[in-house]
Number of protein chains: 2
Amino acid sequence: MTEGPLARIRIDDVAREAGVSKAAVSFAFNSPGRLSEETAARIRSVATTLGYRPHPVARMLTAGSTATIGILSPQALGQVFANPFFSLFAEGVATVTEERGFGLLFISPLHGSLERAIARATVDGIVALGVDEQHPEVEAIRRVGLPMVLVDAPAWPEHGSVEVDDEGGARGAARHLVSLGHRDLLIISIEPATHMSDVSSENVVNRRLRGYRAVLDEAGIALGPERIVVAPATFEGGEAVFLRAWEDGLRPTGVLSMSDAAAAGVLQAARHLGIRVPEQLSVVGFDDLPLTRFTDPPLTTVHQPVRRKGEEAARILLEALAPRAGRPGDHRILETRLVVRRSTAPLADHRSEEVVAND
Amino acid sequence: MTEGPLARIRIDDVAREAGVSKAAVSFAFNSPGRLSEETAARIRSVATTLGYRPHPVARMLTAGSTATIGILSPQALGQVFANPFFSLFAEGVATVTEERGFGLLFISPLHGSLERAIARATVDGIVALGVDEQHPEVEAIRRVGLPMVLVDAPAWPEHGSVEVDDEGGARGAARHLVSLGHRDLLIISIEPATHMSDVSSENVVNRRLRGYRAVLDEAGIALGPERIVVAPATFEGGEAVFLRAWEDGLRPTGVLSMSDAAAAGVLQAARHLGIRVPEQLSVVGFDDLPLTRFTDPPLTTVHQPVRRKGEEAARILLEALAPRAGRPGDHRILETRLVVRRSTAPLADHRSEEVVAND
DNA sequence: CCGGTTTAGCAAACCGGTTTAGCGAACGGT
DNA sequence: ACCGTTCGCTAAACCGGTTTGCTAAACCGG
């Protein structure tokens, strides 16, 4: 494939060929002022004809920095990239790291051990998604002395954090359905183990649930356990769980899904059952991922600024690495907002009765 | 944010604390056999209480390898992650690198220069997407002496490559529509500059176009230039370009799109125009990305094994890094196949006439 | 009790660069 | 003609580990 014999050109090779010391070669690139213009030019020309590139690892070692930051997630990378939420988040992180000239390394469990992966990672700092204070990994990172920013985890003095108002968003979604007259709802939660819409599952799920519940309680709507079902945050997951609920005799007029993908699956299930959306069933998703543009009808959902979350996390981290004047806070809480599209509509009266009867 | 004062623990600190030489400390971790079990244990315990982690960069320098591979793409990372094709590809690469204990670094132009980014990348090898032999970057990589695998680029002795039978896939798509009786077609090509479904645009686009054309020529179907339109590989792009074609008076009964996203946009445009799919319009996409699960109706499309493309690329690269017995070939060509779903149907006769009239 | 082998651990070289300290030659001023 | 700078470059230390070569002590059998 590529050459084996052709050994890499080292700085000494260039020095010898140009008849100077290796220090001179280094100067020729990094502090040309310390050499006569003539010699500097000669050295550079020798270097190019030899095809010399300074060894990045050696350079890192002396520089004491890697100019790279890591994105850490506790799942296997295969799962991570399958998750559109993550892609969007990474997009945000990448935009700012790239602009600042930083590389991006993905850190995931190596042979099952995140700790090992962290120890081996050549990064200046870490953006962690889906871990919170409790996770032992966080302690591991701190021990190594790496700056980090936790996403979707509560603030903490020792590191930066970026959060989103999940609870408020959930309240908005629930309020929307309630104000449309819906009282018979199905909540689709996210299964922790698999592909997650949002990775720091437990907390995010709880916060959203709290939001839904607050509004429903206030509206006097009972929320029995059979009304809260769990599904992986996938198209298939949402489809299956809604079909099952239907078979179980539930006849909700509104669905609150914690993930867009599952919401899209519900749309599909409804179509299959001959239920018209939004006339007979209202569906609200969560996250406002790009996939909402492909659904029919377009999905009403809770928008959260996923890309900006990535941007903010990266910004806070880079700020911590190279503190400058007027540094913004280490902790950010970003807003969520309901985006009403066409998968929700007022409760039709004739159905309302049927529903009550069913209740 | 994180502590500044707390300097990183070095190997000398451990050595001093344990009352041994730094060589001994190194042995305690890497060749425990060279130390008495007792001392080795003592050293390790001192190391853990001190929180010592060997500096990964220093270790790389002596090891002569980074245990990391790079994914290179000529676009900005922001665009890269926005591209579901890429996510899927990365998923494949990540799966095998992770399994083999390798890290994954994303390489993209730094301040506009891919060369610079390559020179700085601490990787043992590179999987390159969207570049071909002509690109000067490829030459740059070779100069640095890094093994690489080119994806969607023709085979070449010096490096590995993974391709897909784009032309055959396109033929399959065209044949499908022709055999359903369609003779009035619209081809939606991919705009090179923006978010691309497939990144090595020029070649991929040409290969697919060649495939479409071969079948249509054979069937005696004229393909005037007004029948080939270009759009970014996005939902909006497909939507807009179809609406424009319609306004221009074109009344195709079948659409061959080189990207799934644009095909989904066509579905949306058709809905907007009151055209029923597939009864009045057949649409075929390309790539078979996950988004096809969200469209209504489900999209007929040309499947290509994107994830496997990533897997194969990574495998070939790792094989080149650590050659083992029975190494598989350096070049792979993967198959494509038509997946017929519900966005295509036989041409209805009454429309056939209207179409001919229109031609 | 002695020579030979093993064992345990150390000092130093090395990986490939950057950076500091310093040295000889050219230069300028008087 | 002499002294103090400045200029241009080099030697050596350093970054933080790993690895090689070696030595001193312990161990062994005869």
Side-chain angles (χ1 to χ4, degrees), chain A residues 6-44 46-47 50-68 116 119-124 144-146, chain B residues 6-44 46-47 50-68 116 119-124 144-146:
Chain A
L6 239 120
R8 184 184 186 114
I9 306 280
R10 295 176 308 271
I11 196 172
D12 309 75
D13 301 323
V14 179
R16 190 174 334 106
E17 189 70 18
V20 294
S21 71
K22 42 183 244 180
V25 178
S26 179
F27 288 150
F29 289 103
N30 308 317
S31 343
R34 297 196 50 173
L35 258 41
S36 77
E37 189 42 55
E38 187 191 9
T39 357
R42 180 166 48 86
I43 294 177
R44 275 194 295 264
V46 169
L50 254 50
Y52 168 68
R53 293 286 119 188
H55 196 304
V57 175
R59 203 198 276 251
M60 279 181 181
L61 185 58
T62 64
S65 87
T66 62
T68 302
R116 180 162 16 197
R120 286 190 14 163
T122 59
V123 298
D124 292 339
V144 186
L146 281 178
Chain B
L6 239 121
R8 184 181 186 115
I9 306 280
R10 295 175 310 269
I11 196 173
D12 309 75
D13 301 324
V14 179
R16 188 172 337 105
E17 190 71 17
V20 295
S21 71
K22 40 184 244 179
V25 179
S26 179
F27 288 149
F29 289 103
N30 307 317
S31 339
R34 296 197 50 172
L35 258 42
S36 77
E37 188 43 55
E38 186 191 10
T39 4
R42 179 165 48 87
I43 293 177
R44 275 194 295 266
V46 170
L50 253 50
Y52 168 70
R53 293 286 120 188
H55 196 303
V57 176
R59 202 199 280 252
M60 279 181 182
L61 186 58
T62 64
S65 87
T66 62
T68 302
R116 179 161 18 198
R120 287 189 15 164
T122 59
V123 297
D124 292 339
V144 185
L146 281 179

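The basis for the numbers below is simple: all heavy atoms, side chains too, and nothing from hydrogens, waters or symmetry mates. Below, read A as the first sequence line, B as the second, and so on, with proteins coming before strands; counting in each chain starts at 1.
The minimum heavy-atom distance linking A/Ala40 with A/Ala28 is given by the pair O-CB, 4.2 Å. Minimum heavy-atom separation, A/Arg8 to A/Pro54: NH2-O, 3.6 Å. Residues B/Tyr52 and B/Arg10 share a closest heavy-atom pair of CE1-C, 3.7 Å. Across B/Ser26 and B/Ile11, no two heavy atoms sit closer than the pair N-CD1, 4.0 Å.
Using a 4.5 Å cut-off on side-chain heavy atoms (C-beta onward), A/Leu146 and A/Val123 make contact. Under the 4.5 Å side-chain criterion, counting only non-hydrogen atoms from C-beta, B/Asn30 is in contact with B/Arg59. Side-chain contact check for A/Ile43 versus A/Val20: some heavy-atom pair is nearer than 4.5 Å.
The distance between atom CZ of B/Arg8 and atom P of D/dG16, rounded to the nearest whole Å, is 9 Å. To the nearest angstrom, P of C/dG16 lies 18 Å from CZ of B/Arg59. In this structure, B/Ile9 places its CD1 atom 12 Å from P of D/dG16, rounding to the nearest Å. Taking atom CE on B/Met60 and atom P on D/dG17, their separation rounds to 14 Å, with Å as the unit. The NE2-C1' distance, from A/His55 to C/dC15, rounds to 8 Å in whole Å. Spacing between atom CG of A/Asp13 and atom P of C/dC15 amounts to 11 Å, rounded to whole angstrom units. Residue B/Asp124 contributes atom CG, which lies 18 Å from atom P of C/dC15 at whole-angstrom precision. Summarising the geometry, the separation between CD on A/Glu38 and C1' on D/dC7 is reported as 14 Å, rounded to the nearest angstrom.
The phosphate of D/dC9 has OP1 or OP2 within less than 4.0 Å of a side-chain N or O from A/Thr39. Side-chain nitrogen and oxygen atoms of A/Arg10 include none within less than 4.0 Å of the OP1 or OP2 phosphate oxygen of C/dG17.
Distance alone, capped at 3.5 Å, is enough to place a donor-acceptor pair between the B/Arg42 side chain and the B/Ala18 backbone.
In the helix from C/dC1-D/dG30 to C/dT30-D/dA1, the rotation axis of the first five pairs and that of the last five pairs differ in direction by 40°, rounded to 10 degrees.
Along DNA chain C, the nucleotide nearest B/Arg42 and the nucleotide nearest B/Leu61 are compared for position; the residue whose nucleotide lies closer to the 5' end is B/Arg42.
Atom-to-atom distance recorded for B/Arg16:CZ and B/Ser21:OG is 13.0 Å, nearest 0.5 angstrom.
Against DNA chain C, the stretch residues 18-35 of chain B makes heavy-atom approaches under 4.0 Å through B/Gly19, B/Val20, B/Ser21, B/Ala23, B/Ala24, B/Phe27, B/Arg34, B/Leu35.
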